[in-house]
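Here's the structure, in structure tokens; my notes come after.
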Amino acid sequence: MSAVVTGLRAERRSNETRIRAVCTTVASGGRLILRTPALDETDTRWFSQQGFQVVQILTMLHRDCRGARGSSPKSATLTMTRRQLRSRRRADLFDHLLRIDAESFPAPWNLDGAAFEKACNATDDHVVRVATDGASDVIGFALVGRTGSHAYLQRLAVAPRSRRRGVGRRLVEESLAWASDRGADTLFVNTEPTNSAALALYASLRFTTRTEVLSVLEREVAVQA
């Protein structure tokens with residue numbers, strides 16, 4: 001379950017500086033690749049004109065989050081920002097989150113530190129909810145952001161050993177509650193159309209599938225002469 005990023009049209013510019021500001025650079029097959037976030041049809045068309053190709057199609061869902069409240073005890077979840085996670089004393093925790101992400105999303109779709117930070121910075125406001133087993137063992141996390149009245153569940157990952165225990169549901173419920181508290185009225189999320197477990201989870205939490213789809217695009221980094 002990966003990031004929803006919208007609102008790029010207001011800042012589109014046909015130059016490499018803007019493209020690199022929006023995209024994440026990843027290594028794939030010995031090459032460096034520029035990868036876009038999940039884009040709507042208009043932005044997909046623009047990036048296609050810049051030489052990008054669609055590599056992933058995503059299903060978008062949404063839910064009214066007004067008045068939502070989390071159901072889990074506060075002691076079972078840590079709340080922090082990117083800045084707090086990147087502090088020296090949280091280095092081990094941040095590395096643990098990246099490992100859980102890698103266990104949840106096969107390469108090259110997992111996040112490294114730079115991609116995680118870019119996801120955090122994609123919205124005006126964000127928080128990372130870190131689920132623990134009630135002691136100190138980290139078992140999952142959710143990255144949720146807000147811009148205006150729209151919130152985005154940008155990443156949801158649960159350690160394989162802790163799945164089917166309600167951890168993902170708890171993190172989504174707490175993301176809905178955070179979005180409501182920050183003044184958002186709608187929470188958006190996307191996932192691959194073949195991810196039946198994610199789709200079932202969102203359906204059980206009253207998310208509605210939207211008709212439009214999102215696309216992720218890639219282009220090889222141009223070699224400087």
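On a predicted model such as this, the values are computed, not experimentally measured, just so you know.
With F105 as the aromatic partner, R155 meets the cation-pi criteria of under 6.0 angstrom to the ring centre and within 45 degrees of the ring axis.
Residue pairs meeting the ring-ring contact (aromatic ring centres under 6.0 Å, His included) criterion with at least one partner in residues 158-180, sequence neighbours excluded, are absent.
Residues C120 and H126 come closest through the heavy atom pair O-ND1, 3.5 Å. The two atoms that bring A119 and Q154 nearest to each other are O-NE2, 2.8 Å, heavy atoms only.
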Discussion item. Side chain to side chain donor-acceptor pair (under 3.5 Å) for R129 and T79? Distances and angles first, verdict last.
Written reply: CA-CA 5 Å; R129 304 286 293 189; T79 302; 2.4 Å; yes

Fill in: Worked verdict on R146 versus T123 for side-chain contact (heavy atoms from CB on, under 4.5 Å)
CA-CA 6 Å; R146 179 197 60 83; T123 54; 5.7 Å; no

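A donor-acceptor contact shorter than 3.5 Å is absent between the side chain of S180 and the backbone of L176. Looking only at distances, a side-chain donor or acceptor of D101 sits under 3.5 Å from a matching main-chain atom of L111. In terms of modelled atom types and a separation under 3.5 Å, the side chain of E117 and the main chain of A114 share no donor-acceptor contact.
A salt bridge between R69 and D181 is present, with a side-chain N of the basic residue lying under 4.0 Å from a carboxylate O of the acidic one. Salt-bridge annotation for D185 and R66: absent, with no side-chain N of the basic residue lying under 4.0 Å from a carboxylate O of the acidic one. Salt-bridge check for R161 with D137: passed, with a basic side-chain N closer than 4.0 Å to an acidic carboxylate O.
Residue Q53 qualifies as open at atom CD: its count of foreign heavy atoms under 6.0 Å is 12 or below.
Proximity of V144 to L156: side-chain heavy atoms (C-beta onward) are nowhere separated by under 4.5 Å. Side-chain contact between L58 and V213 is absent, with no heavy-atom pair separated by less than 4.5 Å. Residues F52 and C23 have side chains in contact (heavy-atom distance under 4.5 Å, counting atoms from C-beta outward). Counting only heavy atoms from C-beta outward, the side chains of I100 and V158 never approach each other to under 4.5 Å. A heavy-atom distance below 4.5 Å is not found between the side chains of C65 and R182. At a threshold of 4.5 Å between non-hydrogen side-chain atoms, the residues W109 and V216 count as touching. For the pair L93/D95, no side-chain contact is recorded, criterion being any heavy-atom separation below 4.5 Å from C-beta on. Taking 4.5 Å as the limit, some side-chain heavy atom of T191 sits within range of a side-chain heavy atom of L61.
Considering CZ of R219 and CG of L32, their distance stands at 12.5 Å, rounded to 0.5 Å.
Taking the six-membered ring for Trp and thresholds of 30 and 60 degrees, F188 and Y152 have nearly parallel ring planes, at less than 30 degrees apart.
Under the side chain to side chain donor-acceptor pair (under 3.5 Å) test applied with Q56, the options E192, E218, R35 reduce to a single match, E192.
In this structure, L97 is a member of the same hydrophobic cluster as M80, with clusters built from ILVMFWY side-chain heavy atoms closer than 4.5 Å. Hydrophobic clustering (ILVMFWY, side-chain heavy atoms < 4.5 Å, transitive): V127 and I139 are in one cluster.
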